[in-house]
Novice: 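Encoded as structure tokens, here's the structure I'll be asking about.
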Amino acid sequence: MAVMAQKNPNIKITVVDLNAQRIADWNDNDLGKLPIFEPGLDQVVNEARGRNLFFSTDVEAAIQEAQMIFISVNTPTKTYGAGKGMAADLKYIELCARQIAKVATTNKIVVEKSTLPVKTAQAIKSILNHTGNGVQFQILSNPEFLAEGTAITDLTNPDRVLIGGDQTPEGKLAIQSLVDVYGSWVPKAQILTTNIWSSELSKLVANAFLAQRVSSINAISELCEATEANVDEVAKAIGMDSRIGPKFLKSSVGFGGSCFQKDILNLVYISKSLGLQEVADYWEQVIIMNNHQRNRFANNIVKTLYNTVSGKKIAFLGWAFKKDTNDTRESAAIYVADKLIDEQANVSVYDPKVTASRVQSDINYLNTRTEAQNNNYLTSLDNPYDAVKNAHAIAVLTEWDEFKTYDWQRIYDNMSKPAFIFDGRNVLDKLALETIGFHVKGIGK
Ligand SMILES: NC(=O)c1ccc[n+]([C@@H]2O[C@H](COP(=O)([O-])OP(=O)(O)OC[C@H]3O[C@@H](n4cnc5c(N)ncnc54)[C@H](O)[C@@H]3O)[C@@H](O)[C@H]2O)c1
Ligand SMILES: O=c1ccn([C@@H]2O[C@H](COP(=O)(O)OP(=O)(O)O[C@H]3O[C@H](CO)[C@@H](O)[C@H](O)[C@H]3O)[C@@H](O)[C@H]2O)c(=O)[nH]1
């Protein structure tokens, strides 16, 4: 919404949220306090905020005033009832639809910006069309394809913008009005319009295909370790085939983030609900492989440290699910730490952008043990050299660029020997570290 406001100074955009603290942070004069760390976002907010971009908790006033409403609320995996652990929880979406239905007195275009199961527009339409007050609604699907860490460039220069809507004359008019919003900065050829179901489904399918590439290369990484092939070399060799392409072939400790797992589980659930068991099994394997990769990484640390990490200090470099974000949702680091704590290891974490309280709440959220026990085993430090001091091993969980620039000789001198490094992102210079004296294990090599 901030980028949309920046690119359309003539359109007033109001972002409303029930979470008052978040809105206060978005309005904070200190741009360092914005709730999301994202390169370049502070400048965009600074340019548009107060001009045509506003942040508020007054949801009803914003609904009344708007001609177009983007529903962008969270759609997490259900934690209760039918579809628990798999289906998308649509209660926040439904609440939004009901609130719009209650408040609106003029015709509106309602845009699904959240990632939703295919056919959700039907439910939203049903809620909106039963108000009995004569207000006309058009529903569009406009899924978001930005990735965290590169959100601003992804938004300013998108591969495509997808807009789905009813294929009726009114539906087509609504589609056109959203095309015009994006048209102020996105070339027309990159704005794709479809029927609403294709648009809803394409979002889930895009994430499934992307995550599948990561799981595919991670499966190959295990094969590489067993055969002395090198996964980076294999990825380069296959990626140069233009039919395969070079992107999203970076082997890692496993994908994380708020989207991939949730959206694939959603796809699996939809397939199961439609009786398409083989389709469901096919996509579920992407998740199974990802869980295996995380476990394999943790098990490898234990095995290499002479089959016990009890009482040993393991330093984590990185906690975020990828670099250039402070988001930790579903980060592989959480699951690797949990496994190591099960083995009574002392885990000390350094991440350039993640707070100590975030790290603690992430591990507590798993509910594996009491908070006091977690506190005992897991600490966070705001300096990497303190985090690695006297450690038996270092594990790299996020590919932050700054890790490559550290004084690795100094780190080696202050560690227990033999000093091990487990590079879960294959970002460090293995040869240079081995020259210093480290024992280095990457992924797939
Ligand atoms: N994070 C991403 O990079 C990304 C990218 C593409 C798509 N998506 C999709 O966008 C949606 C939102 O994701 P997110 O990461 O921003 O989630 P989030 O949990 O960070 O933010 C959702 C916000 O919605 C607010 N909210 C919930 N119910 C509300 C209501 N009834 N009225 C007003 N505000 C309400 C919450 O307080 C919260 O601040 C999800 O469907 C997600 O799949 C996210
Ligand atoms: O070659 C790769 C690429 C990614 N990852 C990992 O995969 C996860 C997801 O990365 P990425 O897709 O870059 O970040 P997200 O912000 O989760 O973005 C994904 O999820 C969003 C939410 O739906 C979509 O909008 C984006 O298009 C889609 O890329 C991270 O843990 C990455 O480290 C790898 O391990 N290897």
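In listed order, ligands and their atoms are each counted from 1. If you're wondering where the values come from, they're calculated on a predicted model, not measured in any experiment.
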Novice: Got a sec, which pairs hit ring-ring contact (aromatic ring centres under 6.0 Å, His included) with one end in residues 201-239, sequence neighbours left out?
Specialist: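 Listed once each, the pairs are Phe209-Trp283.
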Novice: Establish, for the pair Lys353 and Phe37, whether the NZ or CZ atom is under 6.0 angstrom from the six-membered ring centre and no further than 45 degrees off its axis.
Specialist: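 Positive - Lys353 is close enough to the ring of Phe37 and near enough to its axis.
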Novice: What do you think, any protein heavy atom under 4.0 angstrom from atom 13 (O) of ligand 1?
Specialist: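 Given the 4.0 Å limit, the answer for atom 13 (O) of ligand 1 is no, no protein heavy atom qualifies.
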Novice: I'd like to check which ligand 1 atoms, numbered from 1 as shown, lie under 4.0 Å from a non-hydrogen atom of Arg329.
Specialist: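 With Arg329 as reference, the close atoms of ligand 1 come out as 1 (N), 15 (O), 17 (O), 18 (P), 19 (O), 20 (O).
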Novice: Tell me whether Glu144 has any N or O atom under 3.5 angstrom from an N or O of ligand 1.
Specialist: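 Looking only at distances, the answer is no, because the N/O contact criterion of under 3.5 Å is not met.
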Novice: Which atoms from ligand 1 have a heavy atom of Lys262 less than 4.0 Å away?
Specialist: 42 (C), 43 (O)
Novice: Name the option, out of Leu18, Ile36, Val15, that contains the heavy atom nearest to atom 33 (C) of ligand 1.
Specialist: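 The nearest heavy atom belongs to Leu18.
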Novice: Side chains of Gln21 and Asp25: do they bring a donor and an acceptor to under 3.5 Å?
Specialist: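 Asp25 and Gln21 do have a side-chain donor-acceptor pair below 3.5 Å.
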Novice: Can you find a side-chain donor-acceptor pair between Trp408 and Asp429 that sits under 3.5 Å?
Specialist: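 Distance-only check fails for Trp408 and Asp429.
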Novice: From the options Val73, Ile71, Thr75, Asn19, select the one whose nearest heavy atom is closest to atom 11 (C) of ligand 1.
Specialist: Val73
Novice: Among side-chain atoms of Thr120 and Glu200, is any donor-acceptor pair under 3.5 angstrom?
Specialist: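 Side-chain D/A pair, Thr120 to Glu200: absent.
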Novice: So is Val59 in contact with ligand 1, going by heavy-atom distances below 4.0 Å?
Specialist: no
Novice: Select all protein residues for which some heavy-atom-to-ligand 2 distance is less than 4.0 Å, and list them by chain and number.
Specialist: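 Around ligand 2, where the cutoff is 4.0 Å for heavy atoms, the contacting residues are Glu144, Phe145, Leu146, Ala147, Glu148, Lys203, Asn207, Leu210, Val214, Phe248, Leu249, Lys250, Ser252, Phe255, Gly256, Cys259, Phe260, Asp263, Phe321, Lys322, Arg425.
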Novice: Sequence neighbours excluded, which residues qualify as salt bridge (Lys or Arg N to Asp or Glu O under 4.0 Å) partners of Lys7?
Specialist: none
Novice: Return the closest protein heavy atom for atom 39 (O) of ligand 1 as residue, atom name and distance.
Specialist: Asp17 OD2, 2.6 Å
Novice: Just distances here: any N/O of Thr115 and N/O of ligand 1 closer than 3.5 Å?
Specialist: yes
Novice: Which protein non-hydrogen atom lies closest to atom 10 (O) of ligand 1, naming both residue and atom, and how far is it?
Specialist: Ser114 CA, 4.0 Å
Novice: Looking at Cys96, which atoms of ligand 1 are within less than 4.0 Å of one of its heavy atoms?
Specialist: 30 (C), 31 (N)
Novice: Counting heavy atoms only, which part of Gln21 comes closer than 4.0 Å to ligand 1: side chain, backbone, both or neither?
Specialist: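 Neither; nothing of Gln21 gets under 4.0 Å from ligand 1.
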Novice: Less than 4.0 Å between atom 43 (O) of ligand 1 and some protein heavy atom, yes or no?
Specialist: yes
Novice: Do Asn295 and Tyr335 have side-chain N/O donor and acceptor atoms under 3.5 Å apart?
Specialist: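 Asn295 vs Tyr335: no donor-acceptor pair found between side chains.
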Novice: Between Lys323 and Asp401, does any side-chain N to carboxylate O distance fall below 4.0 Å?
Specialist: yes
Novice: Below 4.0 angstrom, N of the basic side chain to O of the carboxylate: do Glu144 and Lys113 qualify?
Specialist: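 Between Lys113 and Glu144 there is a salt bridge, with a charged N closer than 4.0 Å to a carboxylate O.
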Novice: Is the ring pair Tyr182/Trp185 parallel, tilted or perpendicular, if the boundaries are 30 and 60 degrees?
Specialist: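 The rings of Tyr182 and Trp185 sit tilted, inter-plane angle from 30° to 60°.
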Novice: What protein heavy atom lies closest to atom 1 (N) of ligand 1? Include the residue and the distance to one decimal.
Specialist: Glu148 OE2, 2.9 Å
Novice: Specify the protein heavy atom at minimum distance from atom 19 (O) of ligand 1: its residue, its atom name, and the distance to 0.1 Å.
Specialist: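 The closest one turns out to be Asn74 CB, 3.4 Å.
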Novice: Can you list the atoms of ligand 1 that are under 4.0 Å from a heavy atom of Ser72?
Specialist: 11 (C), 12 (C)
Novice: Do you see a donor-acceptor pair shorter than 3.5 Å between the side chains of Glu222 and Asn218?
Specialist: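 On atom types as modelled, these side chains do not qualify, holding no pair under 3.5 Å.
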Novice: Any donor-acceptor pair under 3.5 Å linking the side chain of Asp423 with the backbone of Arg425?
Specialist: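 Yes, the answer is positive, given that a donor and an acceptor are paired below the 3.5 Å cut-off.
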Novice: Tell me: protein heavy atom nearest atom 4 (C) of ligand 1, and distance?
Specialist: Cys259 SG, 3.8 Å
Novice: Who's the nearest protein heavy-atom neighbour of atom 21 (O) of ligand 1, and how far?
Specialist: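 Looking at atom 21 (O) of ligand 1, the protein heavy atom closest to it is Arg22 NH1, 3.3 Å.
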Novice: Pair up each side-chain donor or acceptor in residues 359-366 with any protein partner under 3.5 Å, not counting sequence neighbours, and list the distances.
Specialist:
| from | atom 1 | to | atom 2 | distance (Å) |
| --- | --- | --- | --- | --- |
| Gln360 | NE2 | Leu378 | O | 2.9 |
| Ser361 | OG | Ser357 | O | 3.1 |
| Ser361 | OG | Arg358 | O | 3.1 |
| Asp362 | OD1 | Thr328 | OG1 | 3.3 |
| Asp362 | OD1 | Arg358 | NE | 3.3 |
| Asp362 | OD1 | Arg358 | NH2 | 3.0 |
| Asp362 | OD2 | Trp319 | NE1 | 2.9 |
| Asp362 | OD2 | Thr328 | OG1 | 2.6 |
| Asn364 | OD1 | Asn374 | ND2 | 2.8 |
| Asn364 | ND2 | Gln360 | O | 3.2 |

Novice: In terms of atom number and element, which parts of ligand 1 are under 4.0 angstrom from non-hydrogen atoms of Leu146?
Specialist: 3 (O), 5 (C)
Novice: Could you tell me how the ring of Phe255 sits relative to the ring of Phe260: parallel (under 30°), tilted (30 to 60°) or perpendicular (over 60°)?
Specialist: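 Perpendicular, since the angle between the ring planes exceeds 60°.
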Novice: With distance as the sole criterion, is a donor-acceptor pair present between the side chains of Thr153 and Asn157 under 3.5 Å?
Specialist: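 Asn157 and Thr153 do not have a side-chain donor-acceptor pair below 3.5 Å.
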